[in-house]
Colleague: 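Sharing a structure, written as structure tokens. Questions coming.
Just so it is clear, the structure is predicted and the values come from calculations on it, not from any experiment.
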Amino acid sequence: MSTRHFLRDDDLTPAEQAELLDLASSLKQLPYSRRPLAGPQSVAMIFDKPTLRTQVSFGAGIAELGGNPMLVEGRLAGIGVRESVEDVARVLGRQVSAIVWRTFHQSDLDTMAAHADVPVVNALTDDFHPCQLIADLLTVREHRGALAGLTVAFVGDAACNMGNSWLLAGATAGMHVRVSAPEGYLPEQAMVERASEIGATTGGSAAVVLEPEKAVAGADVVVTDTWISMGKEAEEAARTQVFARWSLTPELLALAAPDAIVLHCLPAYRGKEIAAEVIDGPQSVVWDEAENRRHAQKAVLAFLLENSR
Ligand code: NVA
């Protein structure tokens with residue numbers, strides 16, 4: 001058996017994604033029922049970008065799995081600066097049972113996975129945020145039952161990690177994923193094609209719908225994310241202008257299905273990508289979504305560890 005990693009959403013087959021969601025639900029019911037890290041074994045957590053939810057939910061989750069969450073200070077380690085990603089991977093792989101890494105370039109994560117010999121988990125890169133999507137799908141499943149056949153509209157900066165991850169993970173779950181953004185902030189065509197290819201096997205689909213009103217019309221799930229992802233701070237003024245029409249306001253949400261639910265991975269900027277009335281309103285499930293990070297990531301770690309032995 002070889003080492004399994006979770007680097008992007010389509011690392012999981014549809015059956016594996018469903019298995020992982022079932023495991024996350026059961027771990028939510030019985031938090032200490034799986035102890036793959038008993039010992040305790042250590043898991044390295046490295047953050048090269050800011051974090052709140054990811055650090056806390058991995059830290060608490062690793063402890064609940066019987067393990068020791070070890071925060072490796074990215075700036076001290078100087079990965080790729082002080083020593084190569086390959087050498088860091090070889091060293092960490094001899095000390096810990098898994099590596100959780102938030103960084104910029106997907107290619108660095110791939111390099112870590114190629115040389116670490118223990119499971120590597122993407123805790124967000126510029127391109128993907130797959131752990132968030134397991135939490136998001138778990139949340140949708142809890143509120144709406146089955147995922148297959150539901151329509152999800154992602155409005156806002158669809159060229160970021162969350163847009164890409166919704167395309168791949170949503171299609172894997174058999175959902176119809178519509179992404180809506182201004183020209184220049186859409187996912188790469190190859191990403192939409194990859195999601196469509198997955199959708200062809202699951203009954204799901206992927207589409208770019210430029211007008212936010214059309215994207216949201218009749219949707220079961222409406223998702224947005226900050227317009228200014230970590231690393232894009234210098235573009236704040238321009239982005240705030242260009243995205244204004246994609247703000248998730250009560251008027252835009254009113255076009256969705258009457259029982260539509262609203263997700264946001266947080267941090268949220270009220271009055272920008274989402275109105276306060278929406279995120280703090282009755283259709284918002286963002287606090288469940290934030291809680292579900294822990295249950296989802298425990299399932300990811302348990303799945304990878306148990307399938308790597
Ligand atoms: N797209 C956002 C997600 C934050 C969890 C970012 O990369 O900053």
Side-chain angles (χ1 to χ4, degrees), residues 1-24 27 34-48 54-55 57-59 61-72 74 77 79-80 83-135 137 161 164-165 168-169 172 194 198 293-309:
M1 205 186 288
S2 57
T3 306
R4 289 290 301 262
H5 307 287
F6 192 38
L7 309 179
R8 42 185 280 166
D9 305 84
D10 56 353
D11 284 344
L12 296 176
T13 64
E16 287 172 343
Q17 186 196 67
E19 178 189 334
L20 217 139
L21 288 167
D22 286 344
L23 179 55
L27 285 168
R34 291 285 264 270
R35 310 282 285 173
L37 291 168
Q41 300 170 42
S42 294
V43 174
M45 306 188 298
I46 317 162
F47 299 99
D48 296 335
T54 304
Q55 181 178 339
S57 56
F58 266 112
I62 289 162
E64 289 179 10
L65 292 173
N68 169 47
M70 180 190 288
L71 187 62
V72 177
I79 303 172
E83 52 192 318
S84 67
V85 177
E86 288 89 334
D87 285 0
V88 170
R90 291 180 183 113
V91 171
L92 288 180
R94 300 288 184 105
Q95 301 289 351
V96 299
S97 296
I99 299 166
V100 172
W101 192 15
R102 166 170 293 188
T103 194
F104 294 85
H105 307 299
Q106 188 72 21
S107 56
D108 285 338
L109 200 74
D110 292 339
T111 304
M112 182 77 88
H115 295 90
D117 232 21
V118 294
V120 174
V121 177
N122 181 351
L124 181 148
T125 58
D126 292 348
D127 294 342
F128 301 103
H129 197 2
C131 289
Q132 179 72 53
L133 260 291
I134 299 298
L137 295 177
N161 39 31
N164 288 337
S165 279
L168 298 187
T172 302
R194 174 73 187 124
I198 296 169
R293 294 291 303 279
R294 184 169 87 262
H295 312 302
Q297 290 156 189
K298 284 173 69 181
V300 168
L301 284 170
F303 175 88
L304 296 178
L305 290 161
E306 286 163 13
N307 285 285
S308 294
R309 282 183 190 135

Colleague: Please find the pair of heavy atoms, one from S97 and one from L37, that lie closest to each other, and give the distance.
Modeller: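 For S97 and L37, the tightest heavy-atom pair comes out as CB-CD2, 4.1 Å.
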
Colleague: Answer yes or no: is there a side-chain heavy-atom contact under 4.5 Å between Q132 and L124?
Modeller: no

Colleague: Drop me the distance from H105's NE2 to D127's CG, to the nearest 0.5 angstrom.
Modeller: 9.5 Å

Colleague: Under 4.0 Å between a Lys/Arg side-chain N and an Asp/Glu carboxylate O for E64 and R294?
Modeller: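 Yes.
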
Colleague: Taking all atoms of both residues into account, what is the closest heavy-atom pair of A113 and V120, and its distance?
Modeller: CA-CG2, 3.7 Å

Colleague: Indicate yes or no: at least one non-hydrogen side-chain atom of V88 is less than 4.5 angstrom from one of M112.
Modeller: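 A side-chain contact under 4.5 Å exists here.
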
Colleague: Atom CD1 of I99 and atom OG of S42: how far apart are they, to the nearest 0.5 Å?
Modeller: 12.0 Å

Colleague: Run the salt-bridge test on R8 and D11 with the 4.0 Å N-O cut-off and return the result as yes or no.
Modeller: no

Colleague: Which pair of heavy atoms, one from D108 and one from V85, lies closest together, and at what distance?
Modeller: O-CG1, 3.5 Å

Colleague: Would you say the side chain of V121 lies within less than 4.5 Å of the side chain of W101, judging by non-hydrogen atoms?
Modeller: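 No - every pair of side-chain heavy atoms lies 4.5 Å or more apart.
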
Colleague: Mark yes or no for whether H115, through its side chain, and R90, through its backbone, hold a donor-acceptor pair below 3.5 Å.
Modeller: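 No, the answer is negative, given that no donor and acceptor are paired below the 3.5 Å cut-off.
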
Colleague: Do I46 and I79 have side chains that get closer than 4.5 Å, going by heavy atoms?
Modeller: yes

Colleague: C131 versus N122: any side-chain heavy-atom pair under 4.5 Å?
Modeller: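 No, every pair of side-chain atoms sits at 4.5 Å or beyond.
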
Colleague: Heavy atoms, side chains only, cut-off 4.5 Å: are F128 and L133 in contact?
Modeller: no

Colleague: Mind checking whether L20 and L12 have side chains closer than 4.5 Å, heavy atoms only?
Modeller: yes

Colleague: Would you call E306-R4 a salt bridge at under 4.0 Å N-O?
Modeller: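 Salt bridge: no.
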
Colleague: Without hydrogens or angle criteria, can the side chains of Q106 and T125 be said to hold a donor-acceptor pair below 3.5 Å?
Modeller: yes

Colleague: Kindly indicate whether the side chain of P36, heavy atoms from C-beta on, has any atom under 4.5 Å from the side chain of L301.
Modeller: no

Colleague: May I ask you to check whether over 12 heavy atoms, not counting those of D117, lie within 6.0 Å of atom CG?
Modeller: no

Colleague: Side chain to side chain contact (heavy atoms under 4.5 Å, CB included), that's the test. Do F58 and V43 meet it? Break it down for me.
Modeller: CA-CA 9 Å; F58 266 112; V43 174; over 6 Å; no

Colleague: Do T172 side-chain atoms and L168 backbone N/O form a donor-acceptor pair below 3.5 Å?
Modeller: yes

Colleague: What's the verdict on side chain to side chain contact (heavy atoms under 4.5 Å, CB included) for T54 and R293, showing C-alpha distance, side-chain angles and the deciding distance?
Modeller: CA-CA 7 Å; T54 304; R293 294 291 303 279; 2.8 Å; yes

Colleague: Which heavy atom of L137 sits nearest a heavy atom of A169, and at what distance?
Modeller: CD1-O, 4.0 Å

Colleague: Return the OG to NZ distance between S57 and K298, rounded to the nearest 0.5 Å.
Modeller: 11.5 Å

Colleague: Under 4.0 Å between a Lys/Arg side-chain N and an Asp/Glu carboxylate O for D10 and R194?
Modeller: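 So D10 pairs with R194 through a salt bridge.
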
Colleague: Working to the nearest 0.5 angstrom, can you tell me the gap between F303 CZ and D22 CG?
Modeller: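 Here the interatomic distance stands at 12.0 Å.
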
Colleague: For V118 and V96, which heavy atoms make the closest approach, and how far apart are they?
Modeller: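 That would be CG1-O, 3.4 Å.
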
Colleague: Locate the shortest heavy-atom distance separating G59 from P69; write the atom from each residue and the value.
Modeller: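 Closest approach of G59 to P69, heavy atoms only: O-CG, 3.4 Å.
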
Colleague: Just by distance, do the side chain of R102 and the backbone of A123 share a donor-acceptor pair under 3.5 Å?
Modeller: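 Here the side-chain-to-backbone pair exists.
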
